[in-house]
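Report on the following structure.
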2 protein chains.
Amino acid sequence: MELDQRKLQILRAIIDEYILSASPVGSKSIRQSADLNWSSATIRNEMADLEALGYLAQPHTSAGRIPSDKAYRLYVNQMLSHAALSQEELKLLNGYYRNRIDGIESVLRSTAHVLSEITHYTAIVMMPDLATNRLRHFQLVPLTEGKALSVIVTDAGVARDSVIDIPPDMTPDELEALSRTITRRCYNCRMSTVGEKLIKEIGAELKSRGDFLSALLERLDESSQTGMNMVELAGARNMLRYPEYNDVNKAKTFLATVEQRDSIYRMMKKASNMEFTITIGRENEQEGLQDCSVVTATYRVNDMPLGTFGIIGPTRMDYNRVISVLQGVQQNLAYVLQSYLKED
Amino acid sequence: MELDQRKLQILRAIIDEYILSASPVGSKSIRQSADLNWSSATIRNEMADLEALGYLAQPHTSAGRIPSDKAYRLYVNQMLSHAALSQEELKLLNGYYRNRIDGIESVLRSTAHVLSEITHYTAIVMMPDLATNRLRHFQLVPLTEGKALSVIVTDAGVARDSVIDIPPDMTPDELEALSRTITRRCYNCRMSTVGEKLIKEIGAELKSRGDFLSALLERLDESSQTGMNMVELAGARNMLRYPEYNDVNKAKTFLATVEQRDSIYRMMKKASNMEFTITIGRENEQEGLQDCSVVTATYRVNDMPLGTFGIIGPTRMDYNRVISVLQGVQQNLAYVLQSYLKED
DNA sequence: TGTTAGCACTCTTTTATCTTGAGTGCTAAT
DNA sequence: ATTAGCACTCAAGATAAAAGAGTGCTAACA
């Protein structure tokens, strides 16, 4: 079911206009603003066709048309202009990253704020997934009887810690020895392979501590994954700027959805193996996001994907700009994060 | 300027009513609901007096009265009923903490969510201030040329890390040796005294590395303080429940204020040396919180204050309940956190 | 056959007007 | 000092009318 050139042009004009105005666009206004040379009657006919094909909807008779999810999908797939950011905007963006030296997670958290500020949408940044990172240090620090803190440090300059139960008769010296063994044996191993390696190499030694070892491995695994608390969310309030959220109840629902970290987390996790994703309206599985679009991108260092970040906005978001911004941030992140990382 | 018994009774009734209804209360309704035995005319006279004294305000003639900040202040100082939580609520609260074993920060972060859920206001929890904690482990992990990650672990089971510049000629062995020295010399020292101690004990040895040492000390100091990213905020959206935020613009302003972490951070920091604080309306320095009240409390372990947490709500918040909940959470936190801490 | 001008019709939005009702302040009586 | 009574005020709700934006359809035109 191909759309001819004219239909495409009209559809595009409608979407562009609607992204700007958020109110149904009529045949007349589109003719002027997009400089289309057909009469409004012709345009009206085409609009009726486009509606029949499911690209447009009418809130009520005698109102203009608004684009459907299907229309946005077409728009995103075929009509993006891929405009790069302006010099100014790039400068602004770079400026944010110039003096960032306080660690990867800190950079990423502020990235969320930067993103939300320059797009005026809601931004999400996942902390790095350490699976592809390399272990640099492992330490068990005794806390109280039966408990210790396990700390890992990777080559990406990220530390992760968690409390772990230890056998009550395990001495601090034993813990220290174990820490050194693990650090030595697994130095520079990818986090995803550390567990395996440990079982093979020291499983036998620690046979008597079987339970502890398996708890430890599990904990290592957990730490290297990006947990639920590792999602930075910023600018949720920005949604209140847009007329679609003038209704306090809608706003409440939206905020409830994004504050529900675990669902956002799952969503981002799912997007994490894609370089770039755009999910429009009802394409979102999340109940509360079905009037929203989500655009995600991957940040990488030395071509190693580390994590995912993205933007949530109303379905009529400015896709062109959002994509440009994400690409700009992607580049900046690659550059900044690189300074924490060594070549393979 | 003392208020007589009757005025107090009436004022209290008005406040109680207004907390419930959020709409101006009139002389008649107050008479019924609070079972006051004076005629509405008498009550009206008293209300006029109370208004003249600054305790009440009238949105417009022919509307009821609403309490002023001054009234809430009086209410909070003299009229709280100090009702404990019900058995049910206590049970619910305890339930949240029953299975929490994944570390102090995690407990605290979820505390923010629990608080916001059971009060239906906005909750803030500051991560622990480590100044009074004792050092358990210190580690410098080399990352790339000129950079290392510094990690501290304290007896409270908290790890903090940050990237630090190191002299380019410093070898991994040197870093490791330094880490051990610091851990050994300062083991079980309060974080607030570690810097001092280091200068005294190894300042001489490291004279050649003067710059590095001072950077290190600074970093230690920073890490032991609660930074701006160490504020967990939850339930901001709850404010949309209340009619005072039915106006989308007000809601936006509020959300902007609390998302501005650093100001919230400063506010909490200021409250951190008080066991309990209640700040009402314009008493708040924060521009955007002048229609809100903030109630904070300290969480402690073994009588050692660790940090601050609190509630932000509209000035007409249910002070009694908020205070009860904060006390309940305070106790639960003390109990749960204790399991991570050793006696002095 | 595709395009367009014209026009009647639809339905939301805006504006104006009226009504209702909760609540007050004041006065006069108790 | 207290209270019943009453005129008055003002926001909020209801109703009605007018305006305006946009459509679909028909008939004329190239």
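All chains are named by letter (A, B, ...) in the order of the sequence lines, taking the proteins before the strands, and each is independently numbered beginning at 1.
- Closest non-hydrogen pair, A:Ile278 versus A:Tyr319, comes out as CG2-CE2, 4.0 Å.
- Atoms CG (B:Leu36) and C1' (D:dT2) sit 15 Å apart, rounded to a whole Å.
- Distance alone, capped at 3.5 Å, places no donor-acceptor pair between the B:Ser324 side chain and the B:Leu85 backbone.
- Residue B:Ser27 has a polar side-chain atom (N or O) positioned under 4.0 Å from OP1 or OP2 of C:dT24.
- Across the protein-nucleic acid pair, A:Ile66 atom CD1 and D:dG22 atom C1' stand 15 Å apart, rounded to whole Å.
- Closest contact between the side chain of A:Gln58 and the listed nucleotides D:dT3, D:dT23, C:dC11 involves D:dT23.
- Side-chain atoms of A:Arg44 come within donor-acceptor range of the base of C:dG6, with a qualifying N/O pair under 3.5 Å.
- Nearer the 5' end of DNA chain D, as judged by each residue's closest nucleotide, is the contact made by B:Ala41, out of B:Pro59 and B:Ala41.
- Atom CZ in A:Arg31 sits roughly 8 Å away from atom P in C:dT4 (whole-Å rounding).
- To the nearest angstrom, P of C:dT13 lies 13 Å from CG of A:Asn246.
- The base of D:dT9 sits within donor-acceptor range of the side chain of B:Ser62, with an N or O pair under 3.5 Å.
- In this structure, CG of B:Asp49 is placed 14 Å from C1' of C:dT24, rounded to the nearest angstrom.
- Mapping A:Pro24 and B:Ser39 onto DNA chain D by nearest heavy atom places B:Ser39 closer to the 5' end of the strand.
- Rounding to whole angstrom units, CZ of residue B:Arg65 and P of C:dG23 are separated by 12 Å.
- In this structure, CG on A:Asp291 lies 15.0 Å from OH on A:Tyr242, to the nearest 0.5 angstrom.
- Within the 4.0 angstrom heavy-atom criterion, only backbone atoms of the sugar-phosphate kind lie near B:Thr61; the bases stay farther away.
- A:Pro24 and A:Pro59 get closest at one heavy-atom pair: CG-CG, 3.8 Å.
- A:Arg6 comes within 4.0 angstrom of sugar-phosphate atoms only, judged by non-hydrogen atoms across all strands, and of no base.
- Distance, B:Asn45 CG to C:dG23 C1': 14 Å, rounded to whole Å.
- Rounded to an integer number of Å, the gap from B:Ile30 CD1 to C:dA22 C1' is 15 Å.
- Relative to the side chain of A:His60, the nucleotides D:dC10, C:dT12, D:dT2 differ in distance, and C:dT12 lies closest.
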side-chain contact (heavy atoms from CB on, under 4.5 Å) between A:Leu289 and A:Ile312, worked out
CA-CA 9 Å; A:Leu289 295 183; A:Ile312 306 178; 4.2 Å; yes
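- Annotation: proximity of residues 9-22 of chain A to DNA chain D (heavy atom, distance under 4.0 Å) is found for no residue.
- Two residues are said to be in side-chain contact when any heavy atoms from C-beta on lie closer than 4.5 Å; B:Tyr55 and B:Ile14 fail this criterion.
- B:Arg321 and B:Glu89 are joined by a salt bridge, as a carboxylate oxygen and a charged side-chain nitrogen come within less than 4.0 angstrom of each other.
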